[in-house]
S.K.: 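Dropping a structure here in structure tokens format, bear with me for questions.
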Amino acid sequence: MSHVVVDQEEVPYVKTKAKLEDAILQGRIKQAARSCKELHEKNASVHADGLYYLNSSRGVLYQTFCDMTTAGGGWTLVASVHENNMYGKCTLGDRWSNQQGSDPNRPDGEGTWANTVTFGTAESSTSDDYKNPGYYDIAAQDVSVWHVPNNIDLEQWSATSILRYHTENHFLNLYGGNLFYLFKKFPVRFGLGACITDNGPAIPIVYDTGNVDYNKNLYGPNSRRMSNFLEPVFFTFFKESSYICALFSDGVCFVVCNVLILLQFCIGGGGHFPEAIPRQCGDFTSFDWDGYGTNIGWSASKEITEAAVLLFYR
Amino acid sequence: MSHVVVDQEEVPYVKTKAKLEDAILQGRIKQAARSCKELHEKNASVHADGLYYLNSSRGVLYQTFCDMTTAGGGWTLVASVHENNMYGKCTLGDRWSNQQGSDPNRPDGEGTWANTVTFGTAESSTSDDYKNPGYYDIAAQDVSVWHVPNNIDLEQWSATSILRYHTENHFLNLYGGNLFYLFKKFPVRFGLGACITDNGPAIPIVYDTGNVDYNKNLYGPNSRRMSNFLEPVFFTFFKESSYICALFSDGVCFVVCNVLILLQFCIGGGGHFPEAIPRQCGDFTSFDWDGYGTNIGWSASKEITEAAVLLFYR
Amino acid sequence: MSHVVVDQEEVPYVKTKAKLEDAILQGRIKQAARSCKELHEKNASVHADGLYYLNSSRGVLYQTFCDMTTAGGGWTLVASVHENNMYGKCTLGDRWSNQQGSDPNRPDGEGTWANTVTFGTAESSTSDDYKNPGYYDIAAQDVSVWHVPNNIDLEQWSATSILRYHTENHFLNLYGGNLFYLFKKFPVRFGLGACITDNGPAIPIVYDTGNVDYNKNLYGPNSRRMSNFLEPVFFTFFKESSYICALFSDGVCFVVCNVLILLQFCIGGGGHFPEAIPRQCGDFTSFDWDGYGTNIGWSASKEITEAAVLLFYR
């Protein structure tokens, strides 16, 4: 389940003598691939999904999951957002929003979307939050999102996913090459900027598992009604007068100022959510507005509430 | 202190040319041993206790401590339970029960006993909680437990242990090969099942350091009195109408429904402990019921309260 | 940015055949350097600041930042103290004091200064707390301190530092060779010992960035006034009847019992700060006594409050 092939033509020196110290310590290992896409392109033989070792541009070696099959393959898992306590409102484990309560003094919350702090492991990314150096290091063009039920083993991620979708228009080219740089440009911070004009990009998506109708049914009827007129998109940021959110989970969004419905689908956010404080604060913002997993009113289904959101780059 | 010998007959390809990238990245390193037992069996020369590198079946490389001497050797350290704040009731650091208070809405607590989340390091496993991929990856038969005083350096673990004991009847063969699978079968979750019939196995133990009488004196007199009639066992799970616990620390248990005494010795548990809430909640459940370290009534001694519980597989 | 050169004369065996398993698993990699100083001395060609792999004496491989230029170079980054929430008083992220509130029952707090628990990464050490095995493993003589604005990339650390200073008199020779052993001798624990006589060493410093006057202006006017008569020092510990602190951040200290001014500059501490509880509790003790970043009264400037403290050994 763990393999990486490196273009041997590019590392001739290891053919004559191989010193571990030379290789790992002098930085030769930097010759290894920086992303699953690079691995995939250089080596026709690399086609299995699974764990691979990658290297960041600073020479940091790490292990993550590569999706080598979807839409041509070459997708690198860089992060997961896992809600460990839907009842906790910005408590321990809400690393993608705030772990210390909804707090106007801490408008950035944990700052995770735009810093280099890493945590978790690829293997446990459906049981805990995950972020690896690829999140800020890889020069990517597109994003893929998997909603995988909590605690599923990686061998079954693809088959058990509730939803999978990806972008295809290379939008990250316009935002620095990854979400780290995108969120440097659009800070996930409460109280910044005005409505609409500060929103990040809304990008069309293609479904790999599920479809628009199936997707809508996972969220509450209120949001379903409003999204009937909309095209599915991956929306990276939304800023309304009283809300901040980092990613929209459903791939179905609507960019109109003060339309609360959108916030039912927030994945991550800043450090403060003033409306009905702290009711909306957390990594899965407001999924339980009308009760946990009820799929009534504004509440999402139990299925989507208990699924980790895996983020891939290509 | 760190060494691993690999059976060279099984990795002939590295004799001709050795590429770090090939080895570490293509997964050749998976040829390395998956457990201390495998290391020990393949290599007569590996006999020193200390840190070794192991590989999981998914190719995850990690470092842990091997006990190569006790009862034939080959024991892999896979986890430790360290109580960082006996006064905190399910607070930060209670990774083997609940870090967010005793909470009926979170019956599984952290879910640590049955998920793949890892944390800590072997070196600091007497100063912090520890869990490595071996916990869920190794195919084991028996368990060994060391109670080591907090903050002791690994070179002194064995010599300073208060208690050490292990099972010998290969009971894990019946439960999937390790505690991860055992606790999948017997979920550490409040509110599940009825009394007695849902309990996990109670397995006879052999003492390596200490003995039955010494052991009993480490716990409070109330429990001492009741355990006088009992055989020493390693008990992996206990479910009573109002309690959940993962491991019994003392190796001396009594399986009778509603007998509260047993809970004085709980190591880890679910996410909710309703009696006298939250007084029993934590990784060392109820050790301080009648005061911290008093060894009076139901309280354990200071000695056992301030010792980390190290778990080994073989 | 990541490179390490190893003295090849010392590892002749890797010239004949190189097995990754042999090298990494048998502990050959222990031949690699144990500190940036050792790297620097053995290899004239190693002169670039950046990430390098090091090995602890127990064979633990880790990656950290080497400062190869300041005052002759050879400085190893072993830790950083990052205040993630100045408004939180001993809350999550206060790993160098107490993460569970100011608590007389937990006088050592997290115990971080004198245990082997590690956390964080070199790359993110201006965005989060950091501690690697070098903190307790390296045999060092001197300490260097950098105050780097939060969230700065490592390539810009040196250029953007607010303050940088180091000791030169090899004082660690007298205290076991590093801060871990120094703090074993001078426990960072509330309620211990008497005034003055239990204090740790106060060591003269040399400025690499900034100077005495600039330094003083970063702290509040009250402390400025008192420190006008003092020489700049690196002070490792201060124990007053009601305070405990691990490091003084400003390099300008005054050792007189009951002189509260000193505590305005505390970096880290024990688990309990009784005066005006919990107002002083945290990794940056009392920096906001007269308001956050006001530089009025006892309050430090916003600049120094929002800068991580990086600790190096040589």
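Proteins come first, then strands; the chains are lettered A, B, ... in the order of their sequence lines, and each starts at number 1. Just so it is clear, the model here is predicted, and its values are computed rather than measured.
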S.K.: Report, in residue-number order, which members of residues 118-127 of chain A are under 4.5 Å from chain B by heavy-atom distance.
M.R.: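 Residues Thr121(A), Glu123(A), Ser124(A), Ser127(A) are the ones that qualify, each having a heavy atom under 4.5 Å from chain B.
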
S.K.: Quiz question: by atom type and distance under 3.5 Å, do the side chains of Thr64(A) and Tyr53(A) form a donor-acceptor pair?
M.R.: no

S.K.: Centroid separation under 6.0 Å, is that true for the rings of Trp75(B) and Tyr313(B)?
M.R.: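 No.
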
S.K.: With distance as the sole criterion, is a donor-acceptor pair present between the side chains of Tyr135(A) and Asp137(A) under 3.5 Å?
M.R.: no

S.K.: To the nearest 0.5 Å, how far apart are CG in Leu61(A) and OG in Ser56(A)?
M.R.: 9.0 Å

S.K.: Which pairs count as side chain to side chain donor-acceptor pair (under 3.5 Å) when at least one residue sits in residues 76-90 of chain B, sequence neighbours excluded?
M.R.: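 Sorted pair list: Asn85(B)-Gln100(C), Lys89(B)-Asp288(B).
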
S.K.: Quick check on Asn150(A) against chain B: is it the side chain, the backbone, both or neither that has a heavy atom closer than 4.5 Å?
M.R.: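 Contact with chain B involves no heavy atom of Asn150(A) at all.
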
S.K.: Which distance, rounded to the nearest 0.5 Å, do you find between the SG of Cys36(B) and the CD1 of Ile138(B)?
M.R.: 6.5 Å

